[in-house]
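No experiment lies behind these values; they were computed from the predicted model shown.
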Amino acid sequence: MKLLILDAGHCLSLALAREANRRSDTELIIDTGCVVNADRLAKVAPDALIIPPLSRPIQAAPAEVTVHAAVVEQCMEACREAGVPLVWCVSDQLYEDGFAEPIDEHVIPRPRDESLRRLVVTGDRIRAECPRHLIVRLGPLFALEGGHAWLGELVDTLVAGREVRGEADVTCCPTSVDAVAMSLIGMLQQQHCGADAWGSYHLAGTEPVSVYTFVSMVRTQLATRLEGLGKPASLGEVKAMHHHHDHPLRRVLNCRRVLEVFGVHQKPWRLEVGRMLDAWCDDSYRCHEPPEGALLP
């Protein structure tokens with residue numbers, strides 16, 4: 001199976017590259033740009049085109065959101081012309097006001113924000129004009145490297161001793177970018193073998209948590225690891241923010257359909273965060289220390 005993904009520096013592109021390198025059944029081609037035309041698709045002849053998500057569109061400038069929507073629609077038109085399936089990954093923030101219960105796939109986002117509504121229009125076009133598509137709605141992605149790598153940004157800020165703020169009244173499901181990469185390739189392998197299960201799916205981590213609690217846990221686990229390495233640091237503090245005093249916001253995706261159709265189980269975010277922090281410590285400290293018994297100059 002051959003896949004083409006756009007935006008080479010995005011954390012999802014890097015995660016897909018790592019996952020594809022571990023497999024013998026998947027060839028991944030990465031384009032540096034964020035848009036592709038039908039000629040490029042015809043030349044590469046991929047089994048699917050993957051577009052990484054615009055992370056945190058609520059915080060993004062409206063012009064950035066509008067450009068992303070227009071680019072996705074250009075890619076959709078190219079896919080339709082070339083006969084290539086389209087995979088568009090989308091942030092859960094399109095469910096602007098959240099829901100009291102976990103959000104099912106059939107629930108189309110209806111945000112109040114004008115720029116977010118522009119992304120919904122793009123999704124409507126894909127459903128209407130591109131039958132072979134996957135719209136994959138993701139929880140807040142975290143990774144150590146690449147564009148929009150939330151965890152890497154948190155660690156850098158904390159190690160620099162700067163304050164990190166997190167909403168105590170916004171509940172979400174943080175999602176490992178590595179888990180998403182593994183899931184996407186597994187889903188597309190099944191599609192490549194004739195599953196023909198196109199449509200919208202939700203992918204998110206297990207255990208809903210407030211943003212403040214997630215950030216605080218990252219700080220605690222990082223401090224514990226640094227203490228264990230004998231490298232204690234004065235990490236930045238975590239401050240709770242409250243934006244929804246009257247009605248706390250729950251933005252929790254129900255991922256039952258991706259399990260029923262593709263057998264994809266969601267990964268606990270705590271385990272994924274722990275694994276990534278171990279990798280960060282290895283890269284930052286253990287790998288740069290001399291072997292035991294080595295003579296120092």
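Scanning both residues, W88 and L119, for their nearest heavy atoms gives CH2-O, 3.5 Å. A pairwise comparison of heavy atoms in P52 and L12 identifies CA-CD2, 4.2 Å as the closest pair. Pairing each heavy atom of L116 with each of P57, the nearest pair is CD2-CB, 3.7 Å. Between A45 and K2, the shortest heavy-atom distance links the atoms O-CD, 4.0 Å. Of all heavy-atom pairs between Y201 and E105, the closest is CA-CG, 3.6 Å.
A continuous path of ILVMFWY side-chain contacts below 4.5 Å connects L28 to V87, so both sit in one hydrophobic cluster. With hydrophobic clusters built from ILVMFWY side chains whose heavy atoms lie under 4.5 angstrom apart, L188 does not share a cluster with L86. V252 and V215 fall into different hydrophobic clusters, where Ile, Leu, Val, Met, Phe, Trp and Tyr side chains are chained together by heavy-atom contacts under 4.5 Å.
In this structure E145 satisfies the side-chain hydrogen bond (donor to acceptor under 3.5 Å, both in side chains) test together with R18, sequence neighbours excluded. Scanning for salt bridge (charged side-chain N to carboxylate O under 4.0 Å, His left out) contacts around R110 gives an empty result, with sequence neighbours left out. Listed by chain and residue number, R127 satisfy the salt bridge (charged side-chain N to carboxylate O under 4.0 Å, His left out) test with D124 (two or more places apart in sequence, or in another chain). Shown here are the salt bridge (charged side-chain N to carboxylate O under 4.0 Å, His left out) partners of D97, two or more places apart in sequence or in another chain: R112. Partners of Q221 according to the side-chain hydrogen bond (donor to acceptor under 3.5 Å, both in side chains) rule, which considers only residues two or more places apart in sequence or in another chain, are R225. Residues satisfying the salt bridge (charged side-chain N to carboxylate O under 4.0 Å, His left out) test with E153, not counting sequence neighbours, are R56. Here Y212 pairs with nothing under the ring-ring contact (aromatic ring centres under 6.0 Å, His included) rule; sequence neighbours left out.
Atoms CG and OG, from L138 and S55 in turn, are 8.5 Å apart once rounded to the nearest 0.5 Å. From C79, atom SG reaches atom CD1 of I51 across 6.5 Å, with rounding to the nearest 0.5 Å. Atoms SG and CZ, from C173 and R251 in turn, are 11.5 Å apart once rounded to the nearest 0.5 Å. To the nearest 0.5 angstrom, M217 atom CE is 11.0 Å from S210 atom OG. The CD1 atom of I5 lies 7.0 Å from the SG atom of C89; values are rounded to the nearest 0.5 Å. Interatomic distance, CG of L141 versus CG of D92, reported as 9.0 Å (0.5 Å rounding).
Salt bridge K267/D178: absent, no basic N to carboxylate O contact under 4.0 Å. R257 and E260 are not joined by a salt bridge, as no carboxylate oxygen comes within less than 4.0 angstrom of a charged side-chain nitrogen. A salt bridge is absent between R80 and E77; no separation between the charged side-chain nitrogens and carboxylate oxygens falls under 4.0 Å.
Side-chain atoms of S13 come within 3.5 Å of backbone N or O of L6 as a donor-acceptor pair. For the pair Q266 (side chain) and A204 (backbone), a donor-acceptor distance under 3.5 Å is present.
Inter-residue side-chain proximity for L16 and I50 is flagged as met; some heavy-atom pair is nearer than 4.5 Å. Counting only heavy atoms from C-beta outward, the side chains of P46 and I29 never approach each other to under 4.5 Å. Considering only heavy atoms from C-beta on, M1 stays 4.5 Å or farther from D25 through its side chain. Side chains of S176 and M276 form a contact here, defined as non-hydrogen atoms less than 4.5 Å apart. With a 4.5 Å cut-off on side-chain heavy atoms, R132 and Q191 do not count as touching. A 4.5 Å side-chain heavy-atom check between H202 and P102 finds every atom pair outside the cut-off. Residues L134 and L184 form no side-chain contact, since every pair of their non-hydrogen atoms from C-beta on lies 4.5 Å or further apart. A heavy-atom distance below 4.5 Å is found between the side chains of L229 and C281.
L259 belongs to no hydrophobic cluster, as no Ile, Leu, Val, Met, Phe, Trp or Tyr side chain comes under 4.5 Å of its own. When hydrophobic side chains of Ile, Leu, Val, Met, Phe, Trp and Tyr are connected at separations under 4.5 Å, L253 ends up clustered with Y95, F99, I103, V107. Residue V71 shares its hydrophobic cluster (ILVMFWY side chains chained together at separations under 4.5 Å) with V35, V67.
Defined by atom type and a distance below 3.5 Å, a donor-acceptor pair is present between the side-chain atoms of W198 and D196. Between E73 and T122, the side chains place a donor N or O and an acceptor N or O closer than 3.5 Å (distance only, hydrogens not considered).
Other residues, nucleotides and ligands contribute more than 12 heavy atoms inside 6.0 Å of the CD atom of Q59. Environment of CD in E101: sparse, with no more than 12 heavy atoms of neighbouring residues, nucleotides or ligands closer than 6.0 Å.
Sorted by first and then second residue, the pairs that involve residues 138-157 and meet ring-ring contact (aromatic ring centres under 6.0 Å, His included), not counting sequence neighbours, are H10-H148, F142-F214, W150-F214. Under the salt bridge (Lys or Arg N to Asp or Glu O under 4.0 Å) criterion, the residue pairs touching residues 204-222 are E207-R270, R219-E237, with sequence neighbours excluded.
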